[in-house]
Amino acid sequence: MRDSARPTDEAVSSIGPVVGKRMIESDAFVQALEDIGFDFFTGVPDLLLAGIVETLLTRRLYTPAVREDEAAALASGAYLGGKVPAVLMSNAGLGTCLNTLLSLHQLYRHPCLLIVAWRGFEGRDAPEHRTMGQAMTSLLDTVRIPHRTLSETTALEDFSWVAKTFMQERVPVALLLKPGVVRGLQP
Amino acid sequence: MRPEEGTIQSRARAIQALLELIPGDAPVIICNGFPSRETFKLGDRPTYFYMVGSMGMAAAIGLGLALAKPDKKVIVLDGDGNVLMGLGTLGTVGALKPKNFIHVVLDNEVYGSSGNQPSYARVVKLDQVAKAAGYAQVERVREREDLVYEFKDMLSKEGPGFLLVKVSEQAEDVGWVPLDPPQITQRFKQALA
Ligand SMILES: Cc1ncc(C[n+]2csc(CCOP(=O)(O)OP(=O)(O)O)c2C)c(N)n1
Ligand SMILES: [Mg+2]
């Protein structure tokens with residue numbers, strides 16, 4: 001890790017103005033990540049992430065992947081090449097990339113921010129998301145992936161948690177996005 | 001293509017020929033199983049990343065690295081079973097077209113590291129898949145001289161390159177890669193910096 005690119009607490013203040021508003025704009029969300037030092041974004045879209053992906057594409061920051069395990073591995077290679085990577089995915093994709101997160105990122109100490117859309121949140125979603133929606137946080141606990149759920153009112157603390165945990169632990173950390181927290185197309 | 005069919009070289013012999021040609025500063029990502037273990041035995045370098053888990057992901061790791069380091073020629077040593085597992089990545093490479101990416105596939109048409117179970121590489125022509133996916137250079141070789149010629153050629157040209165090397169099922173008597181994975185990360189990043 002280039003130490004100049006170390007995530008810092010001070011940098012995250014750009015998310016400040018959005019705190020307390022009803023929804024976080026995807027522009028502010030992406031800016032806060034860039035301020036922390038993230039400079040490689042990949043993933044597979046989800047409806048909940050559509051606003052963020054659109055912002056990333058507009059800013060030419062996004063490398064689309066075809067599967068979430070591929071996205072995680074791209075992030076790992078980018079980290080080896082000096083980048084600070086983030087991977088966007090739905091929690092369905094979390095299932096797809098679990099082995100890669102455990103046997104590559106955790107094993108080799110490759111940090112990576114997982115921005116995970118929480119489909120099936122409180123059971124109010126399409127049936128295919130039901131089990132993962134219920135099990136996700138305990139699944140993450142079981143496989144020792146630190147996680148935190150973003151909220152409009154604690155965004156500042158949430159982002160400084162990301163910055164700290166990511167580099168201290170050098171493991172994948174997950175920031176969970178419930179519906180309606182970051183503006184996008186809602187399912 | 002099976003060993004009993006004659007002249008075909010072993011995976012270890014093919015790896016040895018490749019290692020002799022790979023420039024000292026070029027990062028190499030090696031897939032899990034025998035390819036990593038044989039490479040380690042043939043000659044370890046800090047620029048070698050031995051992927052022991054995450055089967056199918058060696059090419060994606062190499063691609064991420066090639067995008068992050070456009071000035072470095074990134075080489076992936078892959079297996080046919082690994083490629084079939086991460087087949088979608090051929091499309092991602094073909095679409096992104098990194099010029100500094102060479103994908104070598106050691107194709108023994110089996111899952112060698114798990115006991116030589118047949119893989120679909122017997123019927124699926126991986127070089128043709130790579131060509132259709134959009135790799136810029138695609139070659140298929142059997143003999144050592146062809147391997148040397150084509151790999152040298154690929155090193156000198158703009159990629160992405162795909163070199164399918166037909167090898168036998170023969171495996172060396174090799175142990176696990178005895179390095180601690182975080183140490184592999186650290187020395188690899190240091191060697192690249
Ligand atoms: C996800 C996953 N599935 C299965 C395995 C077991 N496994 C390890 S290596 C391997 C075979 C790899 O085959 P190939 O890429 O063709 O390399 P070869 O050993 O033939 O050189 C298998 C099935 C694994 N490690 N991970
Ligand atoms: Mg094989």
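Side-chain atoms are counted along with the backbone in the values below, which use heavy atoms only and exclude waters and symmetry mates. Keep in mind the model is a prediction, meaning the values are calculated, not measured. Residue numbering restarts at 1 for every chain, and letters A, B, ... go by the order of the sequence lines.
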Practice problem: Would you sort out whether A:H147 and A:L114 count as a side chain to side chain contact (heavy atoms under 4.5 Å, CB included), showing the intermediate values? | Solution: CA-CA 9 Å; A:H147 59 92; A:L114 314 172; over 6 Å; no
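- A:F29 and A:F159 have their aromatic ring centers within a separation under 6.0 angstrom.
- Put simply, of B:T185, B:L96, B:L192, B:N32, the one with the most heavy-atom pairs under 4.5 Å next to chain A is B:T185.
- The main-chain N or O of A:E157 is found under 3.5 Å from a side-chain atom of A:S160 such that the two form a donor-acceptor pair.
- Ranked by heavy-atom pairs under 4.5 Å with chain A, the list B:P181, B:A58, B:A59 is led by B:P181.
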Self-check item: Stepwise salt bridge (Lys or Arg N to Asp or Glu O under 4.0 Å) check, B:R122 with B:E169
Solution: CA-CA 13 Å; B:R122 287 179 190 203; B:E169 292 172 11; 3.7 Å; yes
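- For the options A:L104, A:L107, A:L80, heavy-atom pairs under 4.5 Å to chain B are most numerous at A:L80.
- When each of B:L65, B:L63, B:D180 is scored by its heavy-atom pairs under 4.5 Å with chain A, the top score falls to B:L65.
- Using a 4.5 Å cut-off between heavy atoms, A:T42 makes no contact with chain B at all.
- Put simply, of A:P64, A:C97, A:S103, A:A65, the one with the most heavy-atom pairs under 4.5 Å next to chain B is A:S103.
- Taking 4.0 Å as the cut-off between side-chain N and carboxylate O, B:D25 and B:R45 do not count as a salt-bridged pair.
- Heavy-atom pairs under 4.5 Å with chain B were tallied for A:D69, A:N99, A:T63; the largest tally goes to A:D69.
- For B:I184, the part sitting under 4.5 Å from any heavy atom of chain A is the side chain, from C-beta outward, and nothing else.
- Ring to ring, B:F49 and A:H110 are close: their centroids are under 6.0 angstrom apart.
- Ring planes of A:F38 and A:F41: tilted class, angle from 30 to 60°.
- With a 4.5 Å cut-off on non-hydrogen atoms, B:V52 touches chain A through its backbone and its side chain both.
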